[in-house]
Structure formats: structure tokens, C-alpha cells
Amino acid sequence: MRKYRRKYYNFFSHFYDFIIRLHSQDKSLYLRHYLAKRSGVQDRHTVLDLCTGTGALALVLSDYVKDGLVVGADFSEGMLAKARKKVMSLGLKNVKFVMADAGFLPFKSNVFDVVTCSHSMYELTGETRKRALSEIKRILKEDGRFCMMEHERPNNAFIRFLYDIRILSMGREGLNIIKNELNELRQMFSDVKKEVTSTGRSKLICAQK
Ligand SMILES: C[S@@+](CC[C@H](N)C(=O)[O-])C[C@H]1O[C@@H](n2cnc3c(N)ncnc32)[C@H](O)[C@@H]1O
């Protein structure tokens with residue numbers, strides 16, 4: 001399954017940014033800034049953007065971490081190639097990308113101030129999901145913070161249908177994840193809080209290590 005998802009994202013990397021622009025009508029940039037602000041990132045922080053894709057959130061985070069470092073990790077070389085191209089063309093020195101599976105993060109323990117994950121936690125199922133959550137906790141500093149953003153179940157019936165298909169495509173586990181995600185996070189982190197963004201289309205969940 002993981003191998004298939006990687007291949008899917010390697011292929012999808014060629015259209016990903018275009019489709020996101022089309023789909024979100026530029027609300028995605030607003031949401032990424034919102035996530036960055038709520039994550040509490042500061043100038044000298046070291047931040048990991050997990051499942052960074054084409055690096056959209058990593059680039060936004062780099063604005064908030066001028067004297068720190070943003071690391072974007074993803075298991076798709078296609079998505080990372082797009083991300084690296086953007087960073088090169090902007091000449092950013094404080095963003096690096098690393099190819100890694102979310103379940104096996106190649107970082108020392110207690111090194112990141114903040115870990116973010118945008119629209120990717122629902123990609124992670126089964127053993128990978130369990131491992132990823134404990135890896136996030138392991139690499140966060142003692143006062144570190146984890147913030148994830150995902151789509152909220154849409155109000156519009158047709159969009160809700162598409163959303164439900166996406167969740168069901170994850171198998172039975174998809175529905176369980178949605179029902180139990182706050183409990184799942186509370187077993188691992190403290191001060192877990194969920195909020196729905198002003199667009200009503202996304203939710204943000206943040207927690208302390
Ligand atoms: C829907 S995209 C989101 C990308 C980006 N975070 C954003 O908000 O635009 C999901 C990303 O998760 C990555 N991904 C999925 N499973 C992964 C895993 N097990 N380890 C690392 N990356 C993974 C995919 O390669 C893809 O880039």
C-alpha cells in the first residue's frame with residue numbers, strides 16, 4: 001500500500017500545485033499562514049513539516065523562522081523535487097528537504113520545537129500511523145508542539161460525498177481515524193485542542209508533547 005501511495009504521489013507531483021490552486025481558490029495560502037501562526041513558531045525555532053509534499057507549508061513556515069530551520073520530510077521523491085525547485089528559485093537558506101517515511105524519521109530525539117502536518121495525517125494508517133505519532137513525540141523537544149490540519153467534513157452534499165469517498169478509500173480504518181483522532185492524540189500528547197477554521201472547511205488540531 002505504501003509503495004502504491006509513493007508511486008501515486010510521484011506521478012501526482014506534476015499536477016499537485018495546480019490542482020490545489022484550482023480547488024482552494026487561494027484559501028490554501030491563508031490556511032497555511034493560519035497553521036503557522038497557531039503552531040507558535042518563532043524566529044530561532046527548528047521546525048519539521050511532516051509529509052511536506054511540494055513544500056507549500058514549509059515555505060510559509062520559513063517566513064516565521066528567519067534565524068532557524070525548517071525541514072520538510074516526505075517519502076515521494078517527485079513531490080520533494082518540486083519542493084526543492086521552489087526553494088532554489090527563491091534562494092532560501094533556511095529550508096531543507098529530506099526523503100523519509102513518516103514512520104521512520106531520521107532525526108535525533110528532542111530536536112524540534114514544532115512539528116506540523118498539513119492535509120496528510122489521513123494518509124497515515126495502520127502501523128505507519130502509530131509509528132508516525134510516536135516518532136513525532138520522540139523528535140519534539142520537551143516543550144514542543146504538534147499541529148495538524150485536515151479537511152473538516154464538508155456541509156455541501158456533493159463535496160461531502162467526495163470527502164467520504166476519500167475517507168472510505170482508506171478502508172474501514174478511515175472512519176475510525178476520524179471518530180477517534182482526538183482520543184488517539186490525547187493518549188500520546190497533552191493539551192490537545194481542535195478548532196475549525198473560519199472558512200469552515202478545515203480543522204486544526206494542536207497539542208503539546
Ligand atoms: C495530500 S499531500 C499533502 C502535501 C502537503 N503537506 C500540503 O499540505 O500540500 C500528502 C503528502 O503526504 C506524503 N506521504 C504520504 N504518506 C507518507 C508517508 N508514510 N511518509 C512520508 N510522506 C508521506 C505524500 O507523498 C504527499 O506528499
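Counting starts at 1 for both ligands and their atoms, following the listed order. Atoms considered below: every heavy atom in the structure, side chains included; atoms not considered: hydrogens, waters and symmetry mates. Throughout, numbering of the chain's residues begins at 1 and tracks the sequence.
- When hydrogens are left out, the protein atom nearest atom 10 (C) of ligand 1 is Ser120 OG, 3.4 Å; that is the closest non-hydrogen contact.
- Taking distance alone, with nitrogen or oxygen atoms compared against 3.5 Å, Met79 stays at or beyond that limit from ligand 1.
- The local environment of CZ in Arg160 is crowded, with over 12 non-hydrogen atoms from other residues, nucleotides or ligands closer than 6.0 Å.
- Relative ring orientation between Tyr64 and His33 is described as tilted, the plane-to-plane angle lying within the 30° to 60° band.
- In this structure, Ala100 is part of the shell of residues with a heavy atom less than 4.0 angstrom from ligand 1.
- For Thr54, no heavy-atom contact with ligand 1 is shorter than 4.0 Å.
- Among protein heavy atoms, the minimum distance from atom 12 (O) of ligand 1 is reached at Cys51 CB, 3.3 Å.
- Taking every heavy atom of Ser76 and a limit of under 4.0 angstrom, the matching atoms of ligand 1 come to 25 (O).
- In this structure, Arg153 pairs ionically with Asp164, as a charged nitrogen and a carboxylate oxygen lie closer than 4.0 Å.
- Checked against the 2.5 Å cut-off, the SG-SG distance between Cys147 and Cys117 does not fall under it.
- At a 4.0 Å heavy-atom cut-off, ligand 1 does not touch Asp49 at all.
- Taking a cut-off of under 4.0 Å to the non-hydrogen atoms of Leu124, the atoms of ligand 1 that pass are 16 (N), 17 (C), 18 (C), 19 (N).
- In this structure, atom 8 (O) of ligand 1 lies nearest to the protein heavy atom Ser118 OG, 2.6 Å.
- Residues Leu57 and Thr116 meet the side-chain proximity criterion, which asks for heavy atoms closer than 4.5 Å.
- For ligand 1, the atoms closer than 4.0 angstrom to any heavy atom of Thr52 are 5 (C), 6 (N).
- Residue pairs that meet the salt bridge (charged side-chain N to carboxylate O under 4.0 Å, His left out) test with at least one member in residues 32-42, sequence neighbours left out, are Arg38-Glu195.
- Of the polar atoms of Ala56, none of the N or O atoms is found under 3.5 Å from an N or O of ligand 1, judged by distance alone.
- Residue contacts with ligand 1, taken as heavy atom pairs separated by less than 4.0 Å, involve Arg32 solely via side-chain atoms from C-beta onward.
- Residue, atom and distance of the protein heavy atom nearest to atom 7 (C) of ligand 1 are Tyr16 OH, 3.3 Å.
- With a 4.0 Å heavy-atom cut-off, ligand 1 is reached by no atom of Ala73.
- Heavy atoms from both the backbone and the side chain of Phe75 come within less than 4.0 Å of ligand 1.
- In summary, Glu77 and Arg6 engage in a salt bridge, as defined by a charged side-chain N under 4.0 Å from a carboxylate O.
- Near Thr128, meaning under 4.0 Å from one of its heavy atoms, ligand 1 places the atoms 19 (N).
- Ser76 pairs in a side-chain contact (heavy atoms from CB on, under 4.5 Å) with only one of the listed residues (Thr52, Asn10, Thr54), which is Asn10.
- The line from NE2 of His119 to CG of Leu31 is 6.5 Å long, rounded to the nearest 0.5 Å.
- A salt bridge links Lys141 with Asp113; the closest basic N to acidic carboxylate O contact falls under 4.0 Å.
- Summary of contacts: the protein heavy atom closest to atom 20 (N) of ligand 1 is Ala102 N, 2.8 Å.
- Ion pair Lys179/Glu184 not flagged as a salt bridge, since none of the NZ, NE, NH1 or NH2 atoms sits closer than 4.0 Å to an Asp/Glu carboxylate oxygen.
- Distances between N or O atoms of Asp74 and those of ligand 1 include at least one value under 3.5 Å.
- Residue contact check: His119 has heavy atoms under 4.0 Å from atoms 1 (C), 3 (C) of ligand 1.
- Between Glu152 and Lys194, at least one side-chain nitrogen of the basic residue sits less than 4.0 Å from a carboxylate oxygen of the acidic one, meeting the salt-bridge criterion.
- Given atom 1 (C) of ligand 1, the protein heavy atom at minimum distance is Tyr9 OH, 3.2 Å.
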